[in-house]
Protein chains: 2
Amino acid sequence: MTTINDVARAAGVSPATVSRVFNGGRVTPERAERVRRAAARLGFAPNRVAQSLRKQRGSVIGLVIPDIENPFFTSLARGVEDAAQRTNLSVVLCNTDEDVDKERRYLDVAVAEQMAGVIVAAASRTRTDLSALAARGMPAVAVDRRPRGALVDAVLVDNRHGGEAATEHLLERGYRRIACITGPQGASTSEERLAGYLDVLREAPGHGEERARAYTRYADFRVEGGRSAMAALLAMDEPPDAVFVANNLMTVGALQVLAEAGRTPPGFGVLTFGDVPWAPLVRPSLTTVELPSYELGRAAADLLLERVAGTSKPLQTVVLRTSLRVRDSTAGPADPVLTPPLGAPAPA
Amino acid sequence: MTTINDVARAAGVSPATVSRVFNGGRVTPERAERVRRAAARLGFAPNRVAQSLRKQRGSVIGLVIPDIENPFFTSLARGVEDAAQRTNLSVVLCNTDEDVDKERRYLDVAVAEQMAGVIVAAASRTRTDLSALAARGMPAVAVDRRPRGALVDAVLVDNRHGGEAATEHLLERGYRRIACITGPQGASTSEERLAGYLDVLREAPGHGEERARAYTRYADFRVEGGRSAMAALLAMDEPPDAVFVANNLMTVGALQVLAEAGRTPPGFGVLTFGDVPWAPLVRPSLTTVELPSYELGRAAADLLLERVAGTSKPLQTVVLRTSLRVRDSTAGPADPVLTPPLGAPAPA
DNA sequence: TCAGTTCGTGAAACCGATTTCAGACCAGGC
DNA sequence: GCCTGGTCTGAAATCGGTTTCACGAACTGA
C-alpha cells in the first residue's frame with residue numbers, strides 16, 4: 001500500500017501538501033503537478049479507512065431494505081445507486097429479510113462503520129428504531145415506509161390513492177364482489193392501500209364498509225400469504241369475483257390458487273399493486289397499480305445527499321404518485337348477466 | 001460517540017485494558033467485570049473504522065455481482081449472507097450491472113475500504129482483473145464464473161454437464177430440431193453450456209455438430225436478447241421444434257416470442273437453465289436445469305472465511321452439480337407423427 | 001520604508017482503536 | 001534474602017489520513 005507519506009517523499013513535499021492537492025487546498029500549480037505525477041507513478045489511492053476515521057464520516061451510504069428478492073426493492077436500489085454514482089459515495093446494500101433484529105444489527109454496523117448516511121425501508125413501522133442514528137448525527141431517509149415517530153426525511157408512495165384507483169377500476173368494470181388481500185396489520189403501506197379500497201367501497205351502492213371488511217384478508221406480503229388468503233376468500237359462502245392484491249408477491253400466490261381452482265382472469269378480476277416482474281409471461285396480462293420504485297430510490301438518495309452535504313433545511317416528506325396501468329386481467333366479470341360492465345351490450 | 005477512552009476512565013483502567021477485555025487478553029476477572037459494566041452503562045461499541053485502520057483489515061466482506069435483479073444472484077447472496085452471519089463479518093452487496101468499469105470501481109472501493117475479502121461473480125471472464133486484490137493480500141473467491149488467469153479460489157457450476165443433461169432430455173422426448181440460445185461468446189458459463197449441448201448433438205444420429213451450430217444463437221443473458229434470438233430461430237427455413245435456453249432471463253424473452261407466434265410448449269419444447277422465478281405462474285410448467293445458487297454462495301463464503309482466518313491451504317476449485325427438474329414444457333413435440341417420442345405408441 | 005495582509009507550507013495534533021514493550025507485582029525455589 | 005519466572009498493567013507507538021497552527025515570504029497600500 002502506498003501511502004500519502006510515500007507520495008510526499010517522492011514529490012519532495014510534506015504529507016499535508018499532498019492531502020491539499022487531493023482535497024482542493026491551495027497549492028502552487030508547479031508543486032501540485034509534481035505531487036500528482038508522483039501519486040500516479042506510485043499508484044496512490046487514499047486509504048478510505050483513514051479518511052473516515054479522521055473526518056468522522058465514511059464515504060459509503062447504506063441502503064437497508066427488507067427483501068432483496070422483491071423486484072420493487074431492487075429497482076429502488078438501482079435508483080439510489082444511479083443518484084450516488086454522480087458523487088464519490090458508494091452504496092452498499094443490506095437485506096433485512098423483514099427481520100427487525102437483523103435490521104437493528106445492520107443499523108449498528110452503519111453507526112460503527114461511520115457511514116455517511118442511510119436510506120431505510122423499515123422492516124416494521126412500530127419497532128424499527130432510527131433514533132440511534134439521529135443521536136449520532138447520521139443522516140437518514142425513510143423510503144416507502146415511514147417508521148413511527150422517526151424524525152427523518154421520507155419519500156413515500158401515495159398508497160391510498162393507488163388503492164382507490166384500483167378499486168374504482170374494478171367497480172367500473174362491473175365486478176360485484178371485490179375482495180382485498182392486504183399486507184400485515186400495522187404496516188403503513190398495507191393499511192393505506194386498504195384504506196383506499198375501503199374509501200371507495202364505503203360509498204359504492206350495494207357495497208359499504210361492513211361488506212368490504214368481510215372481503216378483506218390480511219397476509220404477509222409474501223407468496224405463501226397470498227396463496228392462503230386467496231384460498232380463504234374462495235372458500236367463502238359467497239366468494240368474490242375480483243380481488244385487489246396489495247403487493248406483487250402476494251399476487252403470484254393468489255394467481256396460483258386461482259389457476260388451481262379454474263377461476264382465471266379476467267372472469268375473476270385480478271388487480272395487483274406494484275409491478276410483477278415477468279408480468280409479460282402471465283396470461284392474461286395483469287392490470288397493475290404501478291409504483292415509481294426507481295424514482296423512489298432516486299428521490300431518497302437526492303434527499304440524503306443533501307443532508308450529507310450539510311443542508312439544514314427542515315425535514316421533508318416527498319410523496320410520489322402511483323398510476324393505474326390497465327391490462328387484460330380486469331376486462332370484466334365472467335358472468336355479465338348479473339353485472340353488466342359499464343358500456344357493455346346487454347346480454348341477449 | 002463513547003470511545004474506549006471514556007470507558008477506560010469510567011472504569012478506572014487504561015484503554016489498553018479495555019481493549020483486552022473485548023479481545024480476549026488476560027485481565028483479572030474483577031477488573032474485567034468493572035470494564036464490562038462501564039461499557040454497558042455508557043453504551044460503548046467499538047468504532048469499526050478505527051479497528052480497521054489499526055488492524056489493516058475491515059470487518060465487511062464485499063459481494064460483487066453482475067445483476068441484482070436476477071434471482072440467481074439474490075439467492076446466491078442469501079447463501080453468502082447466511083454463512084457470514086455466523087461470524088462477526090457483515091456482507092455488503094455491490095451490483096456491477098455486467099459493466100466492467102463499474103466492477104473495477106467497486107473493486108477499488110474494496111481495496112480502499114480495506115475489506116476483509118471479496119466474493120466476485122465476474123462481469124467478464126477476460127477483462128475482470130482480480131490481481132490488484134491479490135497484490136494487496138486481500139482474499140478473493142470467484143463464484144459462478146472464473147476470470148481468466150485469476151489466482152483465486154473458485155466455486156463453479158458444472159455447466160457442461162447441465163447442458164448435456166438438458167439436450168439429452170430433449171432428444172429423448174422426441175424433439176427433432178433442437179436449438180440453443182446461449183449467452184455471450186467468451187463468457188465461460190455460456191461456452192460451457194453450449195459445449196454440453198454440442199457434445200450430445202454431435203453424437204446424435206441425424207444431428208451432428210454442423211447442424212447443431214446452425215441452430216445455435218448467441219445472446220446477452222437478458223430478456224431482450226432471448227426475444228431476438230428466439231425470433232431469429234423461428235424465422236429459419238426449417239425452424240426448430242425445441243429450444244434449450246442457457247439462462248433464465250433469456251427464457252422469459254423466448255417464451256414471449258413463442259406465445260406471440262402461437263407456438264407454445266410443450267408442442268414446442270422449452271428447457272431453461274437456471275430457475276425462473278415465478279415459474280409456478282408459467283403454464284405449462286417449465287423443465288429446468290436447476291442451479292445450486294444458494295449453495296454456491298454458501299460454499300464461496302465458507303472458502304473466503306477460511307482465507308480471512310488465515311489458512312494457507314492451496315487454492316481450491318469447488319464444482320457443484322446441476323440437476324434436471326423435468327416438468328411439462330418438454331412433454332413432447334406437437335407433431336409426433338414425424339418423430340415418435342421414445343416409448344410412445346406408434347401413431348394410428 | 002514600514003506595517004498589515006495574504007498566501008503557501010510543514011510540523012504536529014488528532015481521529016479511536018490495537019499492540020508492543022517495559023515495569024510492577026507476586027509466588028516459588030534455592 | 002535473593003533470584004527467577006510468570007502474570008497483569010499502563011504508557012506509548014502505530015495505522016494513514018486531515019486539519020490546525022505558526023511561520024516566513026511576498027505583496028499591498030500608505
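In what follows, chains are A, B, ... by sequence order, proteins preceding strands, each numbered from 1.
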Once you round it to whole Å, what is the distance between C1' of D:dC8 and CZ of B:Arg34?
-> 13 Å
Whole-Å distance, A:Lys55 NZ to D:dT19 P, equals 6 Å
Can you tell me if A:Arg48 uses its side chain to pair, donor with acceptor, with the backbone of B:Ala112 under 3.5 Å?
-> no
Distance, rounded to the nearest Å, where B:Glu30 contributes CD and D:dC8 contributes P | 13 Å
Spacing between A:Leu53 atom CG and D:dT14 atom C1', to the nearest angstrom = 12 Å
Indicate, with a heavy-atom threshold strictly under 4.0 Å, whether A:Phe22 touches base, sugar-phosphate, or nothing.
-> nothing
May I ask you to decide if B:Leu303's main-chain N or O and B:Asp153's side chain share a donor-acceptor pair within less than 3.5 Å?
-> no
Looking only at side-chain N and O atoms, does A:Asn23 come under 4.0 Å of OP1 or OP2 in D:dT18?
-> yes
For nucleotides 9-11 of chain C, list the nitrogen or oxygen atoms of the protein found under 3.5 Å from its nitrogen or oxygen atoms, one pair per line.
unit_1	atom_1	unit_2	atom_2	d
C:dT9	OP1	A:Thr28	OG1	3.0
C:dT9	OP1	A:Arg31	NE	2.5
C:dT9	OP2	A:Thr28	N	3.1
C:dT9	O3'	A:Arg31	NH1	3.4
C:dG10	OP1	A:Arg31	NH1	3.4
C:dG10	OP2	A:Ser14	N	3.2
C:dG10	OP2	A:Ser14	OG	3.2
C:dG10	OP2	A:Thr17	OG1	2.5
C:dG10	N7	A:Arg20	NH2	2.6
C:dG10	O6	A:Arg20	NH1	3.4
C:dG10	O6	A:Arg20	NH2	3.4

Salt bridge between A:Glu69 and B:Arg78, side-chain N to carboxylate O under 4.0 Å?
-> yes
Basic-acidic side-chain contact under 4.0 Å: A:Asp302, A:Arg86 = yes
Would you say B:Gln51 reaches C:dT18's phosphate, i.e. side-chain N/O to OP1/OP2 under 4.0 Å?
-> yes
Would you kindly give the CG-to-C1' distance between A:Asn47 and D:dC15, to the nearest whole Å?
-> 8 Å
Between C1' of D:dG16 and CZ of A:Arg54, the distance in whole Å = 12 Å
Electrostatic pair A:Arg105:A:Asp108 at N-O distance under 4.0 angstrom | no
May I ask you to decide if B:Val308's main-chain N or O and B:Arg57's side chain share a donor-acceptor pair within less than 3.5 Å?
-> yes
Separation of D:dT20 atom P from A:Gln56 atom CD, nearest Å, is 13 Å
State, with a plain yes or no, whether a side-chain heavy atom of B:Leu107 is found less than 4.5 Å away from one of B:Val120.
-> yes
Atom-to-atom span, CZ of B:Arg9 to P of D:dA11 - whole angstrom | 13 Å
Ignoring backbone atoms, establish whether B:Ser19 has a side-chain N or O less than 4.0 Å from OP1 or OP2 of C:dT18.
-> yes
